Every structure is written in structure tokens, then in C-alpha cells.
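Before any comments, here is the structure.
The structure presented is a predicted model; accordingly, all values stated were derived computationally and were not measured. Below, chain A is the first sequence line, B the second, and so on; all start at residue 1.
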Amino acid sequence: MTTEFDVEFIERTDRNARFLVRGLTPAFANGIRRAMVADVPTLSIDTVRFVENSSVMFDEMIALRLGLIPLTTPLDDFELGDTVTVALDVEGPATAYSGDIVTSEPGVEVADKNIPIIKLNSGQRLEFEADAVLDRGKDHAKHQGGVAVGYRHLQKVEVDGDLGEFDDEEPQILRGVIETEDGELIASSEFDHDLTKLYPGKELSVTDVPGAFVFHVETDGSFSVEELVDRAAETIGDRADELKNAVAV
Amino acid sequence: MSYKCSRCKRDVELDEYGGVRCPYCGHRVLLKERARDIKEVDVR
């Protein structure tokens, strides 16, 4: 089966996107979703060496917080298992933020600089050196690049006629993206998720468009949405190649 | 084992016969000092 994919972006920012893909089967759409969550590797702090921690929290609790700080990941420069050294040294009275972390690689930095790690009182100090490792989301959730990834069927809305004079107009709640009869794509947030606001006084029918899926993808800042989708598709391709080679042997 | 007295803040060395008591002020609440060496923690 060969299908031409047709992709159309509905919303697009660096970390967040909503796009329509036509020509997908439900199995392939779910495969892409799972690959985005579990197969695309990101850098994350994996081992912390505490030089000094006179804060009110235990080393282990601070280490778990550090693991969840997203780091920008130039995937072309690293392979699975590669490490990058990061370090932090903050003395109270101050709050240690993720932005205080310095890294040994110029391409790797903290994606969000305003994540509080711990509040330090006067006389307290936090100093550590840590290794960030490139690994996959299926090994640990801290390595998930795609943090909110999902899809829905595209829904086609057709006007069947006018509502009867004495018919009640009840809210028709719908979430996702709709396709109007003119072929226009509208995110449901634009009409407050209630179709009767877009088509007042009309009788409507809503049907799923076969093979058309609207993905909502949000990354943790490790890389852009485009890169996440590209890499997810690549991992599926790689695994298909592995299977092909294994069968050929 | 190195401890610090929570009242007089002096360093206290404990031995097995002396019991848990500050030899300077007699206070019985002692705080264990953090070791100076680097501690490695796995983030898992």
C-alpha cells in the first residue's frame, strides 16, 4: 500500500503544534505517537555528584528534581549513552534555579531557565557536578522529549438544515479540529468547543474523516516539534529496516 | 564519629563508653555532621 501523506499545520510554535495528517491508518498514527513519546532520545541528568548540600533537602530529593529539568539536545552531535557534564554552585540566601546550571557542551543548555531547584537560606550552599546521559523515554520518563502527544480523528461538520421553530438548541460539545463543508479547518477552541456557537440554529451532523488525524504535539524544549516528529518517523523506519534485515538472514 | 552539639554548637567526638552527651555543656541532642567527601547519587 502506498499512500501520499498530506500534512497541514493548524497551530505551530516552537514547542507546541497541532497538525493534520491525511492518509494515515489508525495503527500508523498510534505508532508515530508512541515513537514520539518513547523512542526519541533526550539528554537528562542521570548521575549527580554532590560536593556540598547544606540545604534543607536530601541529596536524593534534589537529584530527582534535577533529572526532570529538560536540556536542549542536538541529536546530530550525540549517540545513545553519550554524556555531558553539567554543574551548579549557588550559595544562599538565594534560590537555585535551573538557569544557574552550566554545561560543558555549547549546544547543550537548560531548556527552561526559571525552574526553581531549591531555596537556600543564608549559610546554605548547593554545589554539584552531574552527568547528563542521552537515553530514550522507554527507559525512563525523564528522557521523554514529547510530553503531551496525542491525536484525534478530523471531524467533518455538515449542515443538514435549520432547526425547527420549537426545537431546543442544546450545546453540541466537540474537541479537536473540524472541517467545514468548504474544507476549512477550525480548531474547536475558536468556537469555545460548542458547535452551536459556530452554526446557531442549524441541525448538524458530525462524522470522523477516515484516514485523517489531527496530532497535538508538545515537546519539553529538548528540540522543536518538527524534529521530534522527524526523529519519531526515523525510528519507525530504522526498526522496519532491522526487521527486514533479520528476515533476510 | 563527628557530631555537633545542638545547644553549644561545639564539635563532639563520641566513643562507645561516653554515652550520647556533650562533654562541654551536657546537652543530649547531638547532630551528625555531613561527611566531607563527594556523594554520588543515581537519578532513578
Side-chain angles (χ1 to χ4, degrees), chain A residues 41-71 81 83-89 92 98 101 110 115 117-118 120 123-144 220, chain B:
Chain A
T42 67
L43 282 168
S44 174
I45 290 176
D46 198 52
T47 312
V48 187
R49 290 177 292 281
F50 285 95
V51 178
E52 188 171 341
N53 175 21
S54 45
S55 74
V56 293
M57 282 179 76
F58 295 126
D59 297 345
E60 288 78 2
M61 294 163 85
I62 292 177
L64 287 173
R65 288 185 176 188
L66 296 173
L68 295 176
I69 293 172
L71 302 168
T83 59
V84 174
T85 307
V86 303
L88 176 138
D89 185 2
S98 56
I101 294 175
V110 173
I115 304 170
I117 299 168
I118 182 123
L120 300 167
Q124 296 178 347
R125 184 161 167 242
L126 178 65
E127 184 185 359
F128 65 79
E129 195 184 276
D131 291 333
V133 177
L134 189 73
D135 212 339
R136 292 196 174 108
K138 64 180 165 193
D139 293 314
H140 197 292
K142 67 184 176 174
H143 292 288
Q144 282 184 7
D220 68 346
Chain B
M1 200 69 82
S2 173
Y3 292 86
K4 184 170 262 189
C5 174
S6 71
R7 186 161 67 187
C8 70
K9 312 290 181 203
R10 287 203 226 181
D11 290 337
V12 176
E13 286 291 325
L14 285 189
D15 59 57
E16 58 185 302
Y17 306 111
V20 181
R21 185 181 281 272
C22 173
Y24 307 104
C25 70
H27 200 58
R28 302 192 74 151
V29 178
L30 304 178
L31 305 172
K32 190 174 176 184
E33 290 276 87
R34 187 190 162 106
R36 297 271 173 220
D37 50 345
I38 291 171
K39 182 175 166 191
E40 190 169 301
V41 178
D42 279 338
V43 186
R44 287 276 156 185

message: For a quick test of reading the model, state the closest non-hydrogen atom pair linking B/Val41 to A/Ala63 and the distance between them.
response: CG1-CB, 3.7 Å

Distance-minimising heavy-atom pair for A/Asp139 and B/Arg44: O-NH1, 3.8 Å

message: Nearest 0.5 Å, please: how far is CG in B/Asp42 from CD1 in A/Ile45?
response: 13.0 Å

query: What distance separates A/Glu52 CD from B/Ile38 CD1, expressed to the nearest 0.5 Å?
result: 11.0 Å

field: Check: A/Asn53 main-chain N/O paired with B/Lys39 side-chain donor or acceptor under 3.5 Å
entry: no

